[in-house]
Amino acid sequence: MNFKRPRGTADILPEDQPYWGHVYDVARNVANQFGYRRIDTPIFEDTNLFERGVGNETDIVQKEMYSFEDHGGDSITLRPEGTASVCRAYIENGLHNLPQPVRMYYAAAMFRYERPQAGRVRQFHQFGVEAIGDSSPEVDAEIIELGWKYIADLGIKNVTLRINSLGDSEGREDYISDLEKYFFGVADRLPKIDRDRLNRAPLRVLDSKAKETQALADAAPKSVDYISGEAKEHWDALLVLLDSLEEIYPEFSYKVDHRLVRGLDYYNRTVFEFEPADAGSQGTLIAGGRYDPLMGILGGQETPAIGFAAGLERLILELKKQELPVNSSKGPEIVVVTLGDAGAAGAALASGLRAANVSTVLAPKRSMKAQMRYANSQNAANVVILGDREVATGVASVKSLAEGGGQSEVSLDVTSIAEHVRADGDQ
RNA sequence: GUGGGCGUAGUGUAAUGGUUAACACGCUAGGUUGUGGCCCUGGAGGCGAGGGUUCAAUUCCCUCCGCUCACCCCA
């Protein structure tokens, strides 16, 4: 029986790497543009961190965590998301002593035990950003702008932004109780799955996928009508900032969606999602929001914060769906082809070229035709042909594999060959 | 956890209750003496596993496993 990769994991083969390079490169560039600095946290953490931070009642904690006991008897969990870890690191390393807000990003693997389907796997990757230590709506707008810029810089089109405000804990109780009242009033028209939800997580009835429910949800009480005071001012100010973003980025637009809620416990006020217009069922590309309560929940001092997470697998799916070009990886500058007894000389030449920082690959020791085919298949720029004759005369044949490329005789030494291919490549 | 679809070379497909299971791409060896792509000719490589029906199963039936899509939930 052959070994197979665990369910929900992927081998990212060389041919797919250009896509990954693209999403990582653009993430790094965009983060830098906005002044976000990279943070890496451990791939596993104390299980309690996620139970507390993500919320004990969430599905993530209830049934999706990869948890195990280590040899010391501690309960360890492979991280299912990044925000809790970043906040833990903020508290543990005393980052509140830095000028606030602290802007950080990460790009890393996450783990959730779920049934795989399109756009969802067990080991997946997120690019996430967090702005910690500032409650102003300008920061909300900045995070949203960053998310938008990321998608735009990737080249992805037709993405919509939906946004909502959950308000603060005060207004939320009234809201939820009115919402329950409303849905209980029409419970006989809800599918049974949503009647169950109503008891379990009333907010989630709002974003139900059932058509019958959606119509009822549209007419349900809206959370933005229940927010007041600072939360209300914050929300109004944010909408003004988003309006001005619409002027700066011609493609950018947002839609207030009263049915948008988020699954994680720690969100308050602003929540948002970027989604392709023709999204599949697991189509959310980026999701985020404000999580002012989280620092306190984790035992730190109350610190406002907001962030988002982008699903890299989903972004790549969308890049492919929209058939967007990514830079394909380049082949080596030189493939060394050897004949007869020149094998050792060829290996030495290849090493010398690499030492001189010319990417060089030795062709497999086969017939010349096979070696030439190999060089071609590797997208090599040039081949250096080295047989007994060249070794004897000290002059190698260097051939360009480009369409209509020529062949030259070049003195058989690393410097001459390196100069020759560099001059050639510069043209 | 629940439900649907699907398992034939590395990949994508085809056919068949009965001889060597086909095609394309890919891989590999050649197409005269030391020159790639295009073209031509060879070669290697496969019926997911187990059980049942049958004289005979890749084909029909069952179980399992795997993949996939959807629900739940979420990036």
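A, B, ... follow the sequence lines: proteins, then strands. Residue 1 opens every chain.
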*Decide, yes or no, whether a salt bridge links A/Lys4 with A/Asp11 under the criterion of side-chain N to carboxylate O below 4.0 Å.*
no
_Counterpart residues, side chain to side chain donor-acceptor pair (under 3.5 Å), relative to A/Glu142 (two or more places apart)_ = A/Tyr36, A/Arg103
*is_close_aromatic(A/Tyr106, A/Phe127), centroid dist under 6.0 Å*: no
*Are any of the side-chain nitrogens in A/Arg120 or A/Glu114 under 4.0 Å away from the carboxylate oxygens of its partner?*
yes
_I'd like the C1' distance from B/C61 over to B/A21, given in whole Å._
23 Å
*Could you measure between the two C1' atoms, the one in B/G52 and the one in B/A15, and give it in whole Å?*
25 Å
*Pairs touching residues 350-371 of chain A that satisfy side-chain hydrogen bond (donor to acceptor under 3.5 Å, both in side chains), sequence neighbours left out*: none
*Would you mind building the protein contact string for nucleotides 28-37 of chain B? One character per nucleotide, 5' to 3', B for base within reach (heavy atoms under 4.0 Å), S for sugar-phosphate only, - for untouched.*
SSBB--BBBB
_Return a single string for nucleotides 68-75 of chain B, one symbol per nucleotide in 5' to 3' order, where B is base contact, S is sugar-phosphate-only contact and - is none, cutoff 4.0 angstrom on heavy atoms._
BSBBBBBB
*Quick one: side chain to side chain donor-acceptor pair (under 3.5 Å) partners of A/Ser67, sequence neighbours excluded?*
A/Thr77
_Spacing of A/Tyr267 atom OH and A/Arg262 atom CZ [to the nearest 0.5 Å]_ = 5.5 Å
_Donor-acceptor contact below 3.5 Å, side chain A/Glu313 vs main chain A/His125_ = yes
*Distance between C1' atoms of B/A24 and B/A14 (Å, rounded)*: 11 Å
_Suppose you measure atom C1' in B/A49 against the same atom in B/G3; what distance do you get, rounded to whole Å?_
24 Å
_Span that lies between the P atom of B/G45 and that of B/A9, in whole angstrom_ = 14 Å
*C1' spacing across the pair B/C73 / B/G10, given as an integer number of angstrom*: 35 Å
*asked:* If I take atom CZ from residue A/Phe308 and atom CZ from residue A/Phe272, how far apart are they, to the nearest 0.5 angstrom?
replied: 6.5 Å
*asked:* Angle between ring planes, A/Tyr24 versus A/Trp20, binned at 30° and 60°: parallel, tilted or perpendicular?
replied: tilted
_Please identify which of these residues, A/Asn93, A/Val86, A/Val102, meets the side chain to side chain contact (heavy atoms under 4.5 Å, CB included) condition with A/Ile39._
A/Val86
*Nearest whole angstrom, please: distance from the C1' of B/C65 to the CZ of A/Phe3.*
16 Å
Kindly list each side-chain donor-acceptor pair under 3.5 angstrom involving residues 282-300 of chain A, sequence neighbours excluded, with atom names and distances?
residue	atom	partner	partner atom	Å
A/Thr284	OG1	A/Glu273	OE1	3.2
A/Arg290	NE	A/Asp140	OD1	3.2
A/Arg290	NE	A/Asp140	OD2	3.2
A/Arg290	NH1	A/Asp134	O	3.4
A/Arg290	NH1	A/Asp292	OD1	2.8
A/Arg290	NH2	A/Asp134	O	3.2
A/Arg290	NH2	A/Asp140	OD1	2.6
A/Tyr291	OH	A/Glu130	OE1	2.5
A/Asp292	OD1	A/Ala305	N	3.0
A/Asp292	OD2	A/Asn268	ND2	3.3

_Sequence-distant partners of A/Asn32, side chain to side chain donor-acceptor pair (under 3.5 Å), two or more places apart_ = none
*C1' atoms of B/C40 and B/U32, separation to the nearest Å*: 16 Å
Between the protein and nucleotides 6-10 of chain B, which nitrogen or oxygen pairs are less than 3.5 angstrom apart?
none

For residues 203-210 of chain A, dump all side-chain donor-acceptor pairs below 3.5 Å to protein atoms at least two apart in sequence or in another chain.
residue	atom	partner	partner atom	Å
A/Arg204	NH2	A/Asp207	OD2	3.0
A/Ser208	OG	A/Asp194	OD1	3.2
A/Ser208	OG	A/Asp194	OD2	2.8
A/Ser208	OG	A/Ala210	N	3.0

*Give RNA chain B the dot-bracket treatment, 5' to 3': Watson-Crick (N1-N3 with N6-O4 or O6-N4) or G-U (N1-O2, O6-N3) under 3.5 Å, [ ] crossing, | other strand.*
(((((((..((((....[...)))).(((((.......)))))....(((((..]....))))))))))))....
*When you compare B/C38 with B/C25, how far apart are their C1' atoms, in angstrom units rounded to a whole number?*
16 Å
_Pair listing, side-chain hydrogen bond (donor to acceptor under 3.5 Å, both in side chains) test, anchored in residues 176-189 of chain A, at least two apart_ = A/Asp178-A/Tyr226
_Using a strict heavy-atom distance below 4.0 Å, which residues from residues 21-43 of chain A are in contact with RNA chain B?_
none
*Donor + acceptor pair across side chains of A/Gln33, A/Lys149 (<3.5 Å)*: yes
